[in-house]
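Here is the structure we will look at.
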Amino acid sequence: NAGVMQNPRHLVRRRGQEARLRCSPMKGHSHVYWYRQLPEEGLKFMVYLQKENIIDESGMPKERFSAEFPKEGPSILRIQQVVRGDSAAYFCASSPGLPNISGANVLTFGAGSRLTVL
Amino acid sequence: GESVGLHLPTLSVQEGDNSIINCAYSNSASDYFIWYKQESGKGPQFIIDIRSNMDKRQGQRVTVLLNKTVKHLSLQIAATQPGDSAVYFCAEKIQGAQKLVFGQGTRLTINP
C-alpha cells in the first residue's frame with residue numbers, strides 16, 4: 001500500500017531551466033495539494049487540485065509556476081525559468097476527497113522533492 | 001501571520017519527561033486542527049487531529065488541547081523518547097475550505 005510518491009527526490013537545475021516535479025497520490029485519493037518549504041520554515045500552501053481541475057491556486061506565484069493533475073498520470077508542478085529563490089523542498093499531499101462530515105481532512109504527505117537552483 | 005527567514009523555536013527536554021508544544025492560530029473560523037511531525041529530510045507525518053467542537057483528544061502518548069477562546073492549540077507528548085526528536089507543526093483548516101494552513105513549527109530536541 002504505497003503512500004504518496006514524489007519524484008525526483010532531488011533535482012538540480014541551473015538558472016533559466018525548467019523544473020518538473022511529479023506526485024502520485026495514495027491509492028483511492030483524488031485530491032492533491034502542493035506545498036513549498038524553505039529551510040527552517042513552515043510549509044506554505046501553493047495549490048489544490050482534483051482530477052483535471054485546479055480548485056485553489058491562491059498560493060501559487062503568478063508567473064513561471066503551473067500545476068496540473070490530469071485524468072491519467074501523476075500531478076505535475078512545473079517551474080519555468082527557475083531562479084535561485086525557487087530552491088526549496090516541494091511537498092505533495094493527497095486526501096481521499098472533501099472533508100468528512102465532521103470537517104476532518106487529513107492530508108498524507110510524500111517525502112518531498114528538493115530543488116536546488118545553481 | 002506568516003514569518004519569513006526566522007529560525008524555528010526550539011524546545012529541549014530530558015528523555016522521559018513530558019513535552020508541551022504550543023501553537024497560536026489566527027482564524028476564528030477554523031473548524032479543524034491537526035499536528036504533524038517532520039523528521040529531518042522527510043515529509044510531515046500525521047500525529048493527531050481535533051475538531052473545533054472538542055477541547056481535548058488523546059492518542060497513544062499524545063494529547064491535543066484546544067482553547068478556542070484564546071485561539072491556542074497544544075500538543076503534549078508523554079514520556080518523551082529520542083525518536084520524538086523532530087519539528088512539530090500545527091495546521092488549521094478554515095470552515096468550508098479544504099487546504100491546511102501550517103504554523104511556523106517547533107523543533108523538539110531530546111537530551112539523554
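Note that the coordinates shown come from a computational prediction; the quantities given were computed from them, not determined experimentally.
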**OP:** For the residue pair B:Phe89 and A:Leu43, establish whether any side-chain heavy-atom pair is separated by less than 4.5 Å.
**Re:** yes
Identify which part of [X] has an atom lying under 4.5 Å from any heavy atom of chain A, answering side chain, backbone, both or neither.
X	value
B:Gln95	neither
B:Ile34	side chain
B:Lys42	backbone

Ignoring hydrogens, what is the shortest heavy-atom contact between [X] and [Y]? Give both atom names and the distance.
X	Y	value
B:Lys93	A:Asn105	CD-CB, 3.9 Å
A:Tyr33	B:Lys99	CE2-CA, 3.9 Å
A:Phe109	B:Pro44	CB-O, 3.5 Å

Donor-acceptor contacts, no H, no angles, side chain residues 71-79 of chain B, under 3.5 Å, sequence neighbours left out:
from	atom 1	to	atom 2	distance (Å)
B:His72	NE2	B:Asn22	OD1	3.3

Determine whether more than 12 heavy atoms belonging to other residues, nucleotides or ligands lie under 6.0 Å from atom [atom1] of [X].
X	atom1	result
A:Met60	CE	yes
B:Arg61	CZ	yes
A:Gln81	CD	no

Original post:
Yes or no on side-chain contact (heavy atoms from CB on, under 4.5 Å) for A:Tyr48 and B:Leu100, after CA distance, side-chain angles and deciding distance?
Top reply: CA-CA 10 Å; A:Tyr48 160 46; B:Leu100 294 178; over 6 Å; no
Honestly curious: do [X] and [Y] fall in one hydrophobic cluster under the side-chain, below-4.5 Å linking rule?
X	Y	value
B:Ile21	B:Leu8	no
B:Val62	B:Leu108	yes
A:Phe91	B:Phe46	yes
A:Ile54	A:Met46	yes

Original post:
Could you go step by step and tell me if A:Tyr35 and B:Phe102 meet the ring pair (Phe, Tyr, Trp, His ring centres under 6.0 Å) rule?
Top reply: CA-CA 10 Å; A:Tyr35 284 80; B:Phe102 281 76; 5.4 Å; yes
**OP:** For B:Tyr36 and A:Leu107, indicate whether the former's side chain and the latter's backbone hold a donor-acceptor pair under 3.5 Å.
**Re:** yes
Original post:
If you round to the nearest 0.5 Å, how far is CD of B:Gln98 from CD1 of A:Ile55?
Top reply: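 So the gap between those two atoms works out to 8.0 Å.
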Original post:
Given that the side chain runs from C-beta out, which part of A:Gln37 has a heavy atom under 4.5 Å from chain B: side chain, backbone, both or neither?
Top reply: side chain
**OP:** Identify which of A:Ala111, A:Gly112, A:Ala93, A:Gly59 forms the greatest number of heavy-atom pairs closer than 4.5 Å to chain B.
**Re:**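 The residue among A:Ala111, A:Gly112, A:Ala93, A:Gly59 with the greatest pair count is A:Ala111.
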Original post:
In chain order, what residues pass the salt bridge (charged side-chain N to carboxylate O under 4.0 Å, His left out) check against A:Arg9, with sequence neighbours excluded?
Top reply: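 Testing A:Arg9 for salt bridge (charged side-chain N to carboxylate O under 4.0 Å, His left out), a comparison that skips the adjacent residues, returns none.
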